2 protein chains.
Amino acid sequence: MTGGTTAGGGATDPAGPHPEARTGPHPEARTGPHPEARTGPHPVPETGAHPVAETGPHPVAPERPRRRGVPTIYDVAQAAGVAPSTVSRTFSRPGRVNSETAARIRQVAAELGYRTNPMARALSTTHTSLLALVVPDITNPVFFEIINGVQDEAAEAGYTVVLVDSRESDRQEREALERALPIVEGIVLGTSRMSDASIRMIAKQRPMVAINRAVREIPSVVPDNSRGVRRALEHLGELGHDPVTYLAGPEASWADGMRWRGLREASLELAVHVRRLGPLAPTVAGGVAGAKAWLQSPTTGVIGYNDLVAIGFLRYVTSRGVRVPEDVSVVGYDNIFAADLVTPPLTTVATPRRALGAAAVRNLLAQIKGAHPRGGPPVIVPVKLVERQSTGPAPVRVPGAAASSSGLPAR
Amino acid sequence: MTGGTTAGGGATDPAGPHPEARTGPHPEARTGPHPEARTGPHPVPETGAHPVAETGPHPVAPERPRRRGVPTIYDVAQAAGVAPSTVSRTFSRPGRVNSETAARIRQVAAELGYRTNPMARALSTTHTSLLALVVPDITNPVFFEIINGVQDEAAEAGYTVVLVDSRESDRQEREALERALPIVEGIVLGTSRMSDASIRMIAKQRPMVAINRAVREIPSVVPDNSRGVRRALEHLGELGHDPVTYLAGPEASWADGMRWRGLREASLELAVHVRRLGPLAPTVAGGVAGAKAWLQSPTTGVIGYNDLVAIGFLRYVTSRGVRVPEDVSVVGYDNIFAADLVTPPLTTVATPRRALGAAAVRNLLAQIKGAHPRGGPPVIVPVKLVERQSTGPAPVRVPGAAASSSGLPAR
DNA sequence: GTGAAAGCGCTAACAA
DNA sequence: TTGTTAGCGCTTTCAC
């Protein structure tokens with residue numbers, strides 16, 4: 001039904017990777033019925049005293065043409081003169097079979113264009129080599145690298161990833177996940193819109209690891225948020241900025257909580273004051289809103305909840321005549337692609353998102369391999385500050401003077 | 001192996017979506033051996049004259065505990081007092097079963113927490129409800145919306161998408177695709193790194209549709225490239241720019257070919273001269289390279305192969321003191337996320353990538369449903385020009401004078 | 001409309 | 001090491 005013209009798989013491959021394929025028997029040649037080809041399962045009781053069991057209208061040969069041209073272990077087994085199970089072993093646990101036999105089988109298999117059928121394998125092993133990756137919105141730049149990291153690490157281990165994009169909707173996420181759940185062996189949650197309870201429910205059904213979010217009982221890998229904001233503040237502090245405004249993220253955001261907490265701690269350690277402004281939507285628009293509020297009581301240093309917020313801020317204040325970094329220095333968070341594209345390029349905390357994805361998969365695979373099902377503290381992945389042109393020395397404070405030539409209101 | 005604690009599926013669901021589940025029989029209660037539970041397949045020939053056929057050490061009850069707590073059609077059938085085949089029909093072809101029986105079966109199934117096993121179903125039907133989406137690089141902004149469009153449309157039809165990221169490598173793409181191929185029903189090629197020949201080979205095995213690339217024999221959906229560049233040129237022409245430079249994309253790019261061709265045609269029609277500069281890498285770096293070359297013989301209007309190129313151009317010339325759009329107007333292509341983030345925001349041709357993805361899936365699904373396997377001209381999706389601040393009136397030409405106060409060299 | 005039973009292609013005891 | 005055989009859970013003729 002699917003391809004139609006598949007007969008023999010890659011056997012007729014023109015100049016393809018199977019140069020020897022064309023010397024093999026023509027696939028069509030073995031498409032007919034093989035009465036005795038399958039002596040294995042479900043033998044017809046040909047001597048039994050049950051006339052009822054006779055296959056009715058089929059006197060001798062079942063005459064049922066093999067479904068397609070696609071060769072099975074039975075075809076290979078027959079052609080190689082071994083049992084189907086030996087063929088199976090050759091591919092599923094190499095080593096458990098005499099190397100010579102194995103070689104011959106592989107050879108024959110190649111000639112026939114045999115490929116193991118993942119569905120059949122999965123049916124008996126429940127091992128699908130499929131992983132689900134859940135992201136709320138592929139469009140969000142933050143996820144690209146995570147997806148890549150997950151992809152790479154999964155591919156490395158022979159796994160394929162099923163993408164579940166929740167489109168920022170609880171329902172969609174649930175439905176898509178529901179659909180994917182039965183076929184995947186594990187789930188990577190690259191930030192989810194679902195409640196902790198829902199997540200835990202799903203985690204009951206499959207191994208799971210969460211990125212960027214700590215859910216009780218669920219293994220997780222998170223970037224070193226506190227270190228990240230600390231580096232940002234340190235950087236700003238060294239440049240002479242004090243106080244510094246933190247453009248806060250969404251109220252419900254776990255990451256925002258972590259960042260703010262880290263900031264307060266760092267504030268004490270580094271003796272740089274920090275103000276919180278928000279909550280803000282984690283978008284460019286959010287940044288614009290933040291900028292407007294900030295103009296009411298500006299500081300020379302600003303740290304955005306993420307790059308989008310920082311970019312929105314930057315664009316708005318710039319449009320109002322505030323110069324960056326001369327009047328205000330701004331630091332973003334995440335180091336998304338666009339951070340290097342805005343004017344001026346944004347200094348930001350780079351979260352190793354690819355590493356995050358990779359670490360998540362490794363953890364997940366370990367769970368699947370049967371290790372301890374759950375537990376352990378979050379895996380913390382290091383971050384680093386990327387200095388670009390949006391930060392610079394704090395403007396010199398002329399005591400008693402108003403705030404310079406820029407559009408920056410006096411404080 | 002997977003979950004471990006799955007017993008009964010969602011049956012013990014705390015406050016979950018199956019409130020009635022807890023009133024059902026406790027899953028554990030039926031986990032033991034059911035000697036006569038399965039009268040169906042593979043009956044032991046208990047009266048045959050083949051002692052050899054006797055199941056050896058299993059005298060009466062096979063004592064093999066049901067693999068897991070997960071209920072099957074057999075469990076449902078037994079509980080509902082019908083045959084397994086009826087349960088199967090109830091779920092696979094509703095209508096072919098008495099509505100009352102069906103209702104009862106569904107009821108029982110819900111109580112038991114029965115879910116049909118996709119692998120088993122796939123094994124006998126080859127219908128997996130899986131689609132593969134191939135993209136060369138998820139990190140490339142151009143693909144986000146395509147992915148979303150594909151996702152949405154697929155989900156709509158009850159399909160799940162498997163992501164194949166080729167990481168810009170022929171080999172990786174091939175391997176990943178190879179892995180996904182046997183389980184998917186069709187393939188959406190969102191721009192591929194593979195050769196036409198390889199693509200056609202794969203298309204032999206599964207229905208396929210290509211986005212943004214025309215391969216002979218393969219159905220494709222493409223944005224209206226010629227209309228896009230025409231609109232860009234028209235826009236520039238109206239602003240008085242002539243000649244206009246086209247920052248060309250990679251040599252091998254099909255899209256580049258289309259755009260350049262469209263540009264030449266439009267050039268004639270609109271009587272605006274067009275120069276070609278390239279080939280360039282389709283990246284910011286490519287744009288920078290293009291800018292350097294452009295400085296040798298500048299024009300007041302520039303059209304980039306894509307937004308990345310346009311952005312690179314914009315940034316470089318800006319850094320050299322050329323003002324945009326006062327000295328030079330630049331138009332991008334694609335309308336990626338970052339286009340609105342750069343300074344000045346980029347005027348660009350918006351390609352309806354989400355629509356592209358959706359159209360591709362619809363086409364693919366039609367093929368799968370058994371329509372005409374191949375053929376037909378590419379489906380063309382309309383584009384539109386988004387005017388932002390990177391374009392403006394051409395600078396007034398003071399006859400004989402050098403080129404203004406900017407860093408723009410005289411022509 | 002419903003039931004019986006034969007597979008789908010592979011894996012996994014168990015026996016040899 | 002290899003062969004035999006009973007499933008994995010579902011769909012699907014074919015009878016009734």
Side-chain angles (χ1 to χ4, degrees), chain A residues 38-45 50 52-58 62 64 66-68 70-77 80-102 105 114-128 182, chain B residues 38-45 50 52-58 62-68 70-77 80-102 105 114-128 182:
Chain A
R38 305 189 47 163
T39 58
H42 326 306
V44 174
H50 292 277
V52 142
E54 289 304 325
T55 336
H58 302 307
R64 189 179 169 294
R66 294 271 294 96
R67 192 197 186 84
R68 279 283 226 61
V70 246
T72 72
I73 43 171
Y74 292 95
D75 301 311
V76 177
V82 296
S85 54
T86 304
V87 178
S88 171
R89 281 186 207 107
T90 308
F91 293 105
S92 51
R93 50 204 74 224
R96 278 229 197 299
V97 78
N98 181 342
S99 56
E100 285 175 26
T101 328
I105 291 178
Y114 166 80
R115 319 268 305 158
T116 123
N117 177 328
M119 266 103 64
R121 190 203 289 267
L123 184 55
S124 42
T125 59
T126 70
H127 173 70
T128 59
Chain B
R38 304 192 47 166
T39 58
H42 325 305
V44 175
H50 292 278
V52 141
E54 290 303 326
T55 336
H58 301 306
E63 192 57 36
R64 188 179 170 294
R66 292 274 292 94
R67 193 199 186 80
R68 278 283 225 66
V70 244
T72 73
I73 43 170
Y74 292 95
D75 300 312
V76 177
V82 297
S85 52
T86 305
V87 178
S88 171
R89 282 188 205 101
T90 307
F91 294 105
S92 52
R93 50 202 77 225
R96 279 232 195 301
V97 79
N98 180 342
S99 56
E100 285 176 25
T101 328
I105 289 177
Y114 167 79
R115 320 267 303 159
T116 122
N117 177 328
M119 265 103 66
R121 189 200 291 266
L123 184 54
S124 43
T125 59
T126 69
H127 172 69
T128 59

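Computed from a prediction, not measured in an experiment: that's the story for all the values here. Just so we're on the same page: letters track the sequence lines, and every chain starts at 1.
In this entry the distance linking CD1 of B:I105 with P of D:dT11 reads 13 Å, nearest Å.
Judged by distance alone, the side chain of A:S88 and the main-chain N or O of A:P84 form no donor-acceptor pair under 3.5 Å. At least one donor-acceptor pair closer than 3.5 Å links the side chain of A:T90 to the backbone N or O of A:T86.
The two residues B:T128 and A:M119 come nearest to each other via the heavy atoms CG2-SD, 3.5 Å. Scanning all heavy atoms of the two residues, the minimum distance from A:R96 to A:R89 falls at O-CD, 4.2 Å.
At the phosphate of D:dT2, OP1 or OP2 sits under 4.0 Å from a side-chain N or O atom of A:T101. When the side-chain nitrogen and oxygen atoms of A:Y74 are compared with OP1 and OP2 of C:dT11, none of them lie within a distance under 4.0 Å. Residue A:S88 has no polar side-chain atom (N or O) positioned under 4.0 Å from OP1 or OP2 of C:dC10.
You'll find that the side chain of A:S124 is closest to C:dG9, out of D:dT11, C:dG9, D:dT1. If you check C:dC10, C:dG1, D:dT2 against the side chain of A:V97, the one that comes closest is D:dT2. The side chain of A:T125 lies closest to C:dA12 when the candidates are C:dA12, C:dG3, D:dC10. Side-chain atoms of A:S85 lie closest to D:dG3 of the nucleotides D:dC10, C:dT11, D:dG3. Of the candidate nucleotides C:dG9, D:dC10, C:dT11, D:dC10 has the atom lying nearest to any side-chain atom of B:T72.
Residue contacts for B:S92: at a heavy-atom cut-off of 4.0 Å it reaches the sugar-phosphate backbone alone, with no base atom in range. Residue-level contact check: A:V82 touches the backbone only, with heavy atoms under 4.0 Å from sugar-phosphate atoms and none from bases. Residue contacts for B:T86: at a heavy-atom cut-off of 4.0 Å it reaches the sugar-phosphate backbone alone, with no base atom in range.
Position along DNA chain D of the nearest nucleotide to B:I73 versus A:R89 favours A:R89 as the more 5'-ward residue. Each of B:V87 and A:N98 has a nearest nucleotide on DNA chain D; the 5'-most of these lies closest to A:N98. Between B:A83 and B:A120, it is B:A83 whose nearest contact on DNA chain C lies nearer the 5' terminus.
Between atom CD1 of residue A:I73 and atom CZ of residue A:R121 there is a gap of 10.0 Å, rounded to the nearest 0.5 Å.
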